[in-house]
Amino acid sequence: MPLLIFAVTGMGGVGKTALAVEAAHRARARGWFPGGTLFVDLRGYDEAPVTADQAVLSLLDALGARDGDLPPTADRQYDAYRALLAERRDRMLLILDNASDPAQYLPLLPGTDHHQVLITSRDRPDSLPVRLIDLETLAPEESVALVTRALHDTDERDDRPAREPEALRELAGLCGHLPLALQIAAGMLRRRRHRDISSLVTEIREAGDATTVLDHGSSGTDLYGRSLVLRPVLETSYRRLPPGHARLLRLLCLAPGTETGTDAIAALAGLGTDSVLSLLEDLAARHLVTPVRGGDGAASTMRWRLHDLVRVFGAGVVAGDAESREEGEAARERVLRFYRRWADAADDRLRWLPGRAEPERFGDRGQALAWLDAERASLIAAVAWGRERRFAGMAVRLAQCLGEYLDWRRYFDDCIAVAETAREAARLVGDRRDEAIAWDHLGTALVAAGRASEAVDALRRARHLFRAAGDRHSEALAKDHLGIALAATGRTEEAIDAHHRARHLFQAAGDRHGEAMAWDHLGLALEATGRVEEAIDAHSRARDLYRAAGDRHGEAFAWNNLGIALEATGRQEEAIEAYYNELEICREFEDSYGEGQALDNLALAHENAHRPAEARAAWLQAADAYTRANAPTESAEARARAAELPD
């Protein structure tokens, strides 16, 4: 039996009607529906939707039943409608466009499977079995092509798309790649034929709301007689929501990041996970949110994405009502506490050493890193809320939980942005110690990003603030980090002094882990001044202290630096053994960048020992490790070195 019903669904403005009509034309041209097409606009999202009783009269008229031929009652009219369809030998296509309620289309379904039905709706129909065709927004290149074609169809001499490809791509993004928004933008550009595309981009960017700019500049109707406006399309979908669904959509529009996990949305809404999941599934059926399934398929790991224009619309609804604003602020506090709690637990797991309490939720480093990877964009966006006084204190705490992770993953730009925001937030609440921590994190991130001169200033500020607060332990940490920055600027004698001072402070505090770190960094500075034997002693002390503290990852760093120092004295085989020890630990911790460094150094050692085959193999393995570590420059260099050696 052929499938009777198809349904094209998607958010308002995505092009459902246009697709249905185009499909009907093509099907008719191929002879699939020799009986023709019946089309009814049910106006399901207007203030007065067309009822099935009204629609059946239009359909009867199209089928030739008029005036005196019309039965007097609705029931007999439906009977007549189905009878006329049953009599048609030539197959027909019935398009029931823009339906919002099954009551609009269920009575209109033919009583025979000879004809086919195509429904378009913003809601996924679940009243009967249908073949669903869900429409998504356009791909970026398709959006650009749509606007380009629209301009060229009007004037083939319009060279703005060719002159301003970047502005056109940005405009498509600001329109959310939604066909209706792109169509309106193209119309505005046609009227502004003497203005650049960038002028419209600037206008939208400054307004912060594409719907306002596009609706203000829109005029006319589309091919189906509908007004080319965006905001009413969103408003009608929103107004039809039950109160609980509308509340969740409003709050979700305030969430940080472009995708949000189910658990975080539950915190945002102050609801249980099961309750919020049910609401989200209903919103997804209405094409107001899009589910993004997590890797394990579990409901709690599912993520949800809002279209940009829906997000802007919902945020505007909240901003326009005092009660909704307070509700939104409370929701943001809840989700910020949620992120702070679990980021703290993940950070504890990344820093965990034997003898410490087990962190909650995350059983190993892999679990902690997976959660942080999934939530990274949202976490960084949530920290940015720290520029608002109400959220500053919590945002500072969240920022402090992200430094280790961002450094581990080598997201140095993110690390700098988070530290700068945390510094501003700490000043906002007047907490000098938190400001010092932010300066310290900023300094270490700047060093990693190759901006050592700026790092020196940041770390001196951190050291000064820690000293003023009487926090000797944190002062030691800042001194040690300052030594690294000084060494990176070539001021190695100052670096040696900073590391010595840091080591003494850590030793006085009984912090063996901090002392190990200071010894290791001191060794690097000593080696830079040619004091290699002292460097070997410093790295050996660091290795032993890391081992005593149970810090295997720190021990790997010490082995690496010890190997370099040993190699500088010609103790080649001892250096190779040190690098292999480092490699073993880095693989144990899934530290791809550290693995790449160990293999890099092994390759050099084998090359110096005139073992080209071993060196080439190590270079190639290093290139793979660097690729996994998001270090393309180092990966390319390793492959180039491998290519220079014989197989």
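Just so we're clear, the structure is a prediction, and the values are computed from it rather than from any experiment. Hydrogens, waters and symmetry mates play no part in the numbers below; they use all other heavy atoms, side chains included.
Pro49 has its side chain out of reach of Asp101: every pair of non-hydrogen atoms, C-beta onward, lies at least 4.5 Å apart.
Comment: Asp90 does not engage Arg88 in a salt bridge, judged by the lack of any side-chain N to carboxylate O separation of less than 4.0 angstrom. With respect to Arg149 and Glu142, no salt bridge is recorded, no charged nitrogen being found less than 4.0 Å from a carboxylate O. No salt bridge links Arg163 with Asp158; every basic N to acidic carboxylate O contact stays at or beyond 4.0 Å.
Take Arg628 and apply the salt bridge (charged side-chain N to carboxylate O under 4.0 Å, His left out) test, not counting sequence neighbours, and it matches Glu595.
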Asn98 and Thr120: CA distance, side-chain angles, deciding distance, side-chain hydrogen bond (donor to acceptor under 3.5 Å, both in side chains) verdict: CA-CA 5 Å; Asn98 205 18; Thr120 73; 5.5 Å; no
Candidate pair His177 and Thr137, rule side-chain hydrogen bond (donor to acceptor under 3.5 Å, both in side chains), full reasoning: CA-CA 6 Å; His177 305 290; Thr137 54; over 6 Å; no
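Taken from CG in Asp123 to CG in Asp282, the straight-line distance is 10.0 Å, to the nearest 0.5 Å. Summarising the geometry, atom CG belonging to Leu118 is positioned 6.5 Å from atom CD1 belonging to Ile133; distances are rounded to the nearest 0.5 Å. From Leu279, atom CG reaches atom CG of Leu271 across 6.5 Å, with rounding to the nearest 0.5 Å. For the atom pair CG of Leu372 and CZ of Arg365, the computed distance is 10.5 Å after rounding to the nearest 0.5 Å. Gln183 CD to Cys175 SG: the interatomic distance, rounded to the nearest 0.5 Å, is 11.5 Å.
Put simply, the side chain of Gln367 gets close to the backbone of Gly363: a donor and an acceptor are under 3.5 Å apart. Of the possible polar contacts, one joining the Tyr45 side chain to the Arg122 backbone as a donor-acceptor pair under 3.5 Å is found. Of the possible polar contacts, none joining the Tyr105 side chain to the Asp97 backbone as a donor-acceptor pair under 3.5 Å is found. Not one N or O on the side chain of Ser278 forms a donor-acceptor pair closer than 3.5 Å with the backbone of Ser275.
For the residue pair Ser100/Gln104, the side-chain donor-acceptor check at 3.5 Å is satisfied.
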